[in-house]
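This report concerns only the one structure given below.
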Number of protein chains: 2
Amino acid sequence: MSKNTRMTKQRKAILEVLKDTDVHPTADWIYEKVKEEIPNISLGTVYRNLNVLSEMGEIMILDYGSTYSRFDGVPNNHYHFQCTECEGVFDLDIPHKDSLNDKIENNTEFEVKDHRLEFYGICPNCQEQDSN
Amino acid sequence: MSKNTRMTKQRKAILEVLKDTDVHPTADWIYEKVKEEIPNISLGTVYRNLNVLSEMGEIMILDYGSTYSRFDGVPNNHYHFQCTECEGVFDLDIPHKDSLNDKIENNTEFEVKDHRLEFYGICPNCQEQDSN
DNA sequence: CTATTTGCAAACGCTTTGCCTGATT
DNA sequence: AATCAGGCAAAGCGTTTGCAAATAG
């Protein structure tokens with residue numbers, strides 16, 4: 001229960017670097033930054049702490065779960081649902097809202113070309129399994 | 001100009017497997033499937049052709065551009081904009097629409113827990129660079 | 001004290017690439 | 001015939017992990 005709760009200087013430094021920036025950095029960027037303060041910190045420690053901090057709810061990891069790419073034979077824009085249990089990806093039958101791009105473009109300085117909307121949860125199949 | 005356009009039996013088989021399924025498979029899944037038809041095909045060929053086919057516009061790759069994870073010191077749900085030129089990730093100041101989850105849940109059999117919306121395009125900084 | 005954490009380096013897993021042979025146009 | 005594509009295996013690259021030493025509580 002009281003696991004992973006030591007606030008080491010490494011963990012603290014990593015958290016501070018992340019809280020002090022809004023660039024959504026990569027692990028390596030964080031590593032370089034923290035090295036200014038703790039020169040002999042190792043990249044492994046950075047990764048370990050990022051995972052711990054995310055479990056603690058202090059930070060968010062912006063990866064997409066699975067490490068491997070998926071391929072789609074339908075090269076149109078459409079939205080997806082991804083099951084967090086079986087990792088399956090399903091097409092959603094709701095229309096692609098191109099107007100969303102315009103909405104952002106009109107309210108920011110960004111030039112918006114595309115967007116991507118993905119839902120996460122449990123697919124019907126895994127719901128059944130769970131109730132066993 | 002006329003590069004990468006030969007329709008070899010490997011390329012054809014890979015494309016057919018992808019067009020015939022809706023499971024959004026991984027490269028390895030495709031590899032296993034194509035092996036039933038071309039037993040000595042290599043995984044490298046599958047990857048090469050998936051990239052070629054995606055350049056041809058025949059398929060879509062559902063990765064997320066950059067291969068590495070990004071970390072966010074603000075663990076709230078919020079939407080992001082990603083610049084396809086500098087790879088920078090920016091927060092968007094539009095509210096997170098939890099109602100979207102319900103909308104999907106009410107119209108499908110999925111149990112929806114979360115969603116993610118990401119916009120892609122060119123950030124102001126890179127727009128300037130481009131006009132030089 | 002002692003369980004957690006670190007640094008280091010090796011291992012991992014998915015993907016890409018170099019090289020040479022084989023196939024396509 | 002000339003060029004593109006394939007097979008194989010090694011390399012790449014971000015990330016994870018095993019281990020002994022260090023350290024927080």
Side-chain angles (χ1 to χ4, degrees), chain A residues 1-18 23-56 58-72 82 87 89, chain B residues 1-18 23-56 58-72 82 87 89:
Chain A
M1 190 101 290
S2 59
K3 290 177 79 173
N4 290 335
T5 45
R6 287 189 189 171
M7 193 47 71
T8 60
K9 69 171 190 289
Q10 289 87 343
R11 187 166 297 169
K12 196 172 175 184
I14 290 165
L15 183 56
E16 269 168 18
V17 163
L18 245 181
V23 302
H24 303 77
T26 61
D28 208 65
W29 189 95
I30 297 167
Y31 171 58
E32 293 299 334
K33 204 83 177 177
V34 174
K35 255 203 302 199
E36 293 170 10
E37 196 180 333
I38 309 173
N40 66 322
I41 194 172
S42 80
L43 186 54
T45 297
V46 172
Y47 274 106
R48 256 186 303 234
N49 276 308
L50 288 169
N51 286 325
V52 169
L53 288 168
S54 119
E55 278 166 30
M56 292 166 66
E58 293 285 343
I59 68 170
M60 265 186 117
I61 303 182
L62 301 180
D63 66 0
Y64 284 84
S66 158
T67 56
Y68 23 139
S69 295
R70 300 268 180 167
F71 300 88
D72 193 334
Q82 175 147 18
E87 301 272 286
V89 176
Chain B
M1 190 101 289
S2 57
K3 291 178 77 174
N4 291 334
T5 45
R6 288 187 187 170
M7 192 47 71
T8 60
K9 70 170 189 289
Q10 287 89 344
R11 188 166 296 170
K12 195 171 177 186
I14 290 165
L15 183 56
E16 270 170 16
V17 163
L18 245 183
V23 302
H24 303 77
T26 62
D28 207 66
W29 189 97
I30 297 167
Y31 171 57
E32 292 299 333
K33 205 82 177 177
V34 175
K35 256 205 302 199
E36 293 171 10
E37 195 181 332
I38 309 173
N40 66 323
I41 195 173
S42 80
L43 186 54
T45 298
V46 172
Y47 274 105
R48 255 187 300 237
N49 276 307
L50 288 170
N51 286 324
V52 169
L53 288 168
S54 117
E55 278 167 28
M56 293 166 67
E58 293 284 343
I59 67 169
M60 267 186 115
I61 302 182
L62 300 180
D63 66 1
Y64 284 85
S66 156
T67 55
Y68 22 141
S69 295
R70 300 270 182 164
F71 300 88
D72 193 334
Q82 175 147 16
E87 302 271 287
V89 176

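Labels below follow one simple rule: chain letters A, B, ... track the order of the sequence lines, proteins then strands, and each chain is numbered from 1.
- As rounded to whole Å, 13 Å separates atom C1' of dA24(D) from atom NZ of K12(A).
- The nearest whole Å value for the distance from the NZ atom in K9(B) to the P atom in dG6(D) is 9 Å.
- Considering only the side chain of A27(A), dT15(D) comes nearest among dT15(D), dG7(D), dG7(C).
- More than 12 heavy atoms of other residues, nucleotides or ligands sit less than 6.0 Å from atom CD of E32(A).
- Within the 4.5 Å cutoff, the side chain of I14(A) has heavy atoms near those of the I41(A) side chain.
- Nearer to the 5' terminus of DNA chain D, by closest-nucleotide assignment, is the contact made by I41(B) (compared with the other of I41(B) and G44(A)).
- Atom CZ in R70(A) sits about 13 Å away from atom C1' in dC14(C), given to the nearest Å.
- Distance, L50(A) CG to dT16(D) C1': 13 Å, rounded to whole Å.
- Atoms CZ (R11(A)) and P (dT23(D)) sit 15 Å apart, rounded to a whole Å.
- In this structure, M7(A) places its CE atom 12 Å from C1' of dT5(C), rounding to the nearest Å.
- Donor-acceptor pairing under 3.5 Å, judged by distance alone, is present between the side chain of R6(A) and the base of dA3(C).
- Between R48(A) atom CZ and L43(A) atom CG the span is 10.5 Å, to the nearest 0.5 Å.
- In this structure, Y31(A) places its OH atom 14 Å from C1' of dG14(D), rounding to the nearest Å.
- Computed from coordinates, the L43(B) CG to dG18(C) P distance equals 17 Å when rounded to whole Å.
- Counting non-hydrogen atoms under 4.0 angstrom, N49(A) reaches the backbone sugars and phosphates but no base.
- R70(A) places no side-chain N or O within donor-acceptor distance of the main-chain N or O of L62(B), the cut-off being under 3.5 Å.
- Of the two residues near DNA chain D, F71(B) and R48(B), the one whose nearest nucleotide lies more 5' is R48(B).
- In terms of heavy-atom proximity, V23(A) sits nearest to W29(A) at CG2-CZ2, 4.0 Å.
- In terms of phosphate contacts, S42(A) brings no side-chain nitrogen or oxygen within less than 4.0 Å of OP1 or OP2 of dT6(C).
- Out of dT15(D), dG7(C), dG6(D), the shortest distance to the side chain of Q10(B) is found at dG6(D).
- At dA24(D), none of the side-chain N or O atoms of T8(A) fall inside 4.0 Å of OP1 or OP2 (strictly under the cut-off).
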